[in-house]
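To start, the structure under review is shown below, and the notes come after it.
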Amino acid sequence: MSALALSERNDEERLFERYHRTGDPTARDELIRRCLPLARSLAGRYARAGESLEDLVQVANVGLIKAVDRFDPTRGIAFSSFAVPSILGELKRHFRDHGWAARVPRPLQERVLKVNTCSERLSSRLGRSPKPREVAAETGMSLDEVLEAIEAGTAFDSMSLDAPVSRGEEDDGATYADSVGTVDERLELVEYRSVVAATIRALPTREREVLVLRFAEDMTQSEIASRVGISQMHVSRLIRRSLERLQAVAVA
């Protein structure tokens, strides 16, 4: 350890002793100021798309302040060894409580974090992405629990339907909504059905029966005539008259 680093460490130890003994706010403020780079460095580990680094730094600073207030210099351990778990715990609680795009039960959130941490560790060890069965064996979870956690992890992020698809120079104004789903042409049928439903119910029983046989069961006019017991010509007249009534209602 260099003389400068040793001097800084001794200064830090004296500041902690003074704060721990007397509660000197000046010593507390100086300790926090000196350790801000550590908090910012740890916050940078969790920087990701859609999450403000400055917001994460603020969360990490809260963890740092708590660590300064709780640290006992008489225990003989380095402050950094005590502060790092405290700051990381604050960051993890932030993501657990505020970072999810959809509501996920807390036990499942914790399982997601455990699976993600294990996956990162196995990826470093194996040199590839681990299989769910390998994660299950490492964590002691069942395969179904791991798969559920992986699926629940997709609830962490969300994307606005108005988000642009392209961010390059050739931006045609297309949004994410334009790339998902299709137009269901049958929606018009729902509207038409709601419009003519009352008229269909008001038709005479025989006309309703003929329409069902023709358009629902796809029977020919001759088959309908045989089924109902009337002539094919009569069937044709009933269909034509019923459709004219329905058309009049639809365009009214």
Side-chain angles (χ1 to χ4, degrees), residues 48-50 99-109 111-112 115-116 119 128-136 141-252:
R48 52 201 296 279
W100 295 82
R103 175 62 182 159
V104 174
R106 179 165 293 183
L108 184 53
Q109 292 180 18
R111 197 193 316 160
V112 170
V115 168
N116 289 344
S119 296
R128 58 173 175 80
S129 298
K131 299 177 181 179
R133 193 174 300 279
E134 293 171 328
V135 175
M141 301 180 189
S142 68
L143 179 59
D144 287 342
E145 289 175 329
V146 171
L147 293 174
E148 183 183 27
I150 293 173
E151 184 177 359
T154 62
F156 198 89
D157 294 307
S158 64
M159 177 181 289
S160 171
L161 292 176
D162 295 325
V165 174
S166 174
R167 298 185 182 273
E169 297 180 358
E170 299 180 0
D171 188 357
D172 57 0
T175 64
Y176 179 69
D178 297 325
S179 65
V180 296
T182 57
V183 177
D184 190 345
E185 298 178 351
R186 293 174 298 176
L187 287 176
E188 291 186 1
L189 297 179
V190 176
E191 182 179 357
Y192 293 153
R193 182 174 180 177
S194 65
V195 170
V196 302
T199 304
I200 292 177
R201 288 194 297 270
L203 290 174
T205 303
R206 174 163 289 183
E207 291 187 21
R208 290 204 310 271
E209 181 183 7
V210 168
L211 289 181
V212 169
L213 294 175
R214 178 67 187 92
F215 297 104
E217 299 187 16
D218 199 27
M219 295 177 63
T220 65
Q221 292 186 11
S222 59
E223 290 172 335
I224 295 172
S226 177
R227 169 76 68 85
V228 179
I230 57 178
S231 68
Q232 182 177 338
M233 185 177 297
H234 192 183
V235 169
S236 178
R237 285 198 300 267
L238 290 176
I239 293 175
R240 184 172 63 254
R241 186 169 61 196
S242 300
L243 293 179
E244 288 174 353
R245 290 180 180 177
L246 296 178
Q247 185 178 16
V249 172
V251 299

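Predicted model, so just to flag it, every value in this text is computed and none were measured.
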(message) With a 6.0 Å cut-off (strictly less than), is the heavy-atom count around CZ of Arg133, excluding the residue itself, greater than 12?
(response) no
(request) Run through Gln221, Arg240, Arg206 and flag the one making a side chain to side chain contact (heavy atoms under 4.5 Å, CB included) with Val235. (result) Gln221
(request) Tell me, please, which residues at least two apart from Glu207 pass salt bridge (Lys or Arg N to Asp or Glu O under 4.0 Å). (result) Arg241, Arg245
(request) Just jot down the salt bridge (Lys or Arg N to Asp or Glu O under 4.0 Å) partners of Glu148, sequence neighbours excluded, or say none. (result) Arg111
(message) Can you list everything that forms a salt bridge (Lys or Arg N to Asp or Glu O under 4.0 Å) with Asp218? Sequence neighbours excluded, please.
(response) Arg214
(request) Go through the structure and list residues passing salt bridge (Lys or Arg N to Asp or Glu O under 4.0 Å) with Arg128, not counting sequence neighbours. (result) Glu134
(message) Distance check, rounded to the nearest 0.5 Å: Leu143 atom CG versus Leu147 atom CG?
(response) 4.5 Å
(request) Taking all non-hydrogen atoms of both residues into account, name the closest pair between Leu108 and Ala149 and its distance. (result) CD1-CA, 4.3 Å
(request) Indicate yes or no: at least one non-hydrogen side-chain atom of Pro132 is less than 4.5 angstrom from one of Ile150. (result) yes
(message) Looking at every heavy atom in both Leu211 and Ser242, which two are closest together, and how far apart are they?
(response) CD1-CB, 3.7 Å
(request) Could you list the residues that satisfy side chain to side chain contact (heavy atoms under 4.5 Å, CB included) with Thr205, not counting sequence neighbours? (result) Arg208
With a 3.5 Å cut-off and sequence neighbours excluded, list the donor-acceptor pairs that the side chains of residues 223-233 form with protein atoms.
| residue | atom | partner | partner atom | Å |
| --- | --- | --- | --- | --- |
| Glu223 | OE1 | Thr220 | N | 2.9 |
| Glu223 | OE1 | Thr220 | OG1 | 3.4 |
| Ser231 | OG | His234 | N | 3.1 |

